[in-house]
Amino acid sequence: FRRKDGTLTTALMSARIIKIKNEPHILSITRDISERKRYEEEIKSRNEELGSLNEELNAAIEELEATNEEFETINGELQKRNYELRKSEDKYRLLIENSHDIIYTLSAEGIFTFVSPAWTTLVGNPVDEVTGQSFKPFVHPDDVQSCMTWLREVIESGKRLEGIEYRVKNIDGKWYW
């Protein structure tokens with residue numbers, strides 16, 4: 001219906017016939033429901049927004065579930081590899097610790113980064129006193145330069161080279177080939 005000011009508004013109209021002094025009359029009630037309609041439209045709009053957000057949320061949940069499955073698969077593979085690596089490490093540690101040969105690793109500067117227990121058995125120095133030290137004090141002075149040259153060639157070529165012969169000083173100060 002149209003208001004006095006000319007604006008249109010939504011209204012709810014109800015009517016019925018009533019008798020007054022035995023004559024029929026129409027009783028009509030008109031109620032302005034424009035505010036209610038505005039709220040209904042707002043609720044409808046917000047419900048649509050919530051529906052869209054819910055769809056986005058469900059899509060994100062599905063994506064997270066898929067990602068979680070991938071992570072679980074990767075984690076299972078990593079756990080398997082870690083187990084296999086530990087078995088391999090245990091195997092090689094057992095071999096190194098029980099070897100009768102001295103096994104060691106050197107940094108590019110000639111510093112011992114690892115020395116097997118056979119060092120202590122054959123040379124006499126405790127492993128913890130050798131690790132972190134230069135190899136030079138343990139090698140005969142006449143052999144140090146050839147050992148340095150060999151080490152440099154290994155590093156530069158990146159390949160395994162046949163061993164080099166050199167004398168090693170025993171804890172008692174004696175030199176052994």
Trainee: Ignoring hydrogens and angles, tell me if any N or O in the side chain of Ser88 forms a donor-acceptor pair with the backbone of Glu84 under 3.5 Å.
Mentor: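 Checking the backbone N and O of Glu84 against the side chain of Ser88, no donor-acceptor pair under 3.5 Å is found.
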
Trainee: Checking Cys147 against Phe135 for the side chain to side chain contact (heavy atoms under 4.5 Å, CB included) test, could you report, in this order, the C-alpha distance in whole Å, the side-chain angles of both residues, the deciding distance, and whether it holds?
Mentor: CA-CA 9 Å; Cys147 287; Phe135 77 91; 3.6 Å; yes

Trainee: Checking Gln79 against Tyr83: is there a side-chain donor and acceptor pair closer than 3.5 Å?
Mentor: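 No - no donor-acceptor pair under 3.5 Å links their side chains.
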
Trainee: Looking at Asn98 and Leu94, would you say the former's side chain and the latter's main chain have a donor-acceptor pair under 3.5 Å?
Mentor: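 Answer holds: yes.
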
Trainee: Taking the ring centre of each residue, are Trp119 and Phe112 less than 6.0 Å apart?
Mentor: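 Yes, the ring of Trp119 comes within the 6.0 Å limit of the ring of Phe112, centre to centre.
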
Trainee: Checking salt bridge (Lys or Arg N to Asp or Glu O under 4.0 Å) for the pair Lys37/Glu40: CA distance, chi angles, key distance, verdict?
Mentor: CA-CA 5 Å; Lys37 285 293 186 181; Glu40 286 176 359; 3.5 Å; yes

Trainee: Is the backbone N or O of Ile96 less than 3.5 Å from a side-chain atom of Ser116, with the two atoms forming a donor-acceptor pair by type?
Mentor: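 Not confirmed, Ser116 side chain does not pair with Ile96 backbone.
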
Trainee: Any donor and acceptor pair, going by atom type alone, linking the side chain of Asp143 with main-chain N or O of Arg167 inside 3.5 Å?
Mentor: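 Yes; at least one donor-acceptor contact below 3.5 Å.
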
Trainee: Looking at OG of Ser34 and CZ of Arg3, how far apart are the two atoms once the value is rounded to the nearest 0.5 Å?
Mentor: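 If we round to the nearest 0.5 Å, Ser34:OG and Arg3:CZ are 5.0 Å apart.
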
Trainee: Going by distance alone, is a donor N or O of one side chain under 3.5 Å from an acceptor N or O of the other, for Glu72 and Asn68?
Mentor: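 Present: a donor and an acceptor within the cut-off.
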
Trainee: Donor-acceptor pair, Thr131 side chain versus Val127 backbone, under 3.5 Å?
Mentor: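 Yes: the side chain of Thr131 pairs with the backbone of Val127.
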
Trainee: With sequence neighbours excluded, what pairs up with Lys136 under the salt bridge (Lys or Arg N to Asp or Glu O under 4.0 Å) test?
Mentor: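 Lys136 satisfies salt bridge (Lys or Arg N to Asp or Glu O under 4.0 Å) with no other residue.
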
Trainee: Using a 3.5 Å distance criterion without hydrogens, assess whether the side chain of Thr113 forms a donor-acceptor pair with backbone atoms of Thr105.
Mentor: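 Flag set: sc Thr113 to bb Thr105 pair under 3.5 Å.
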
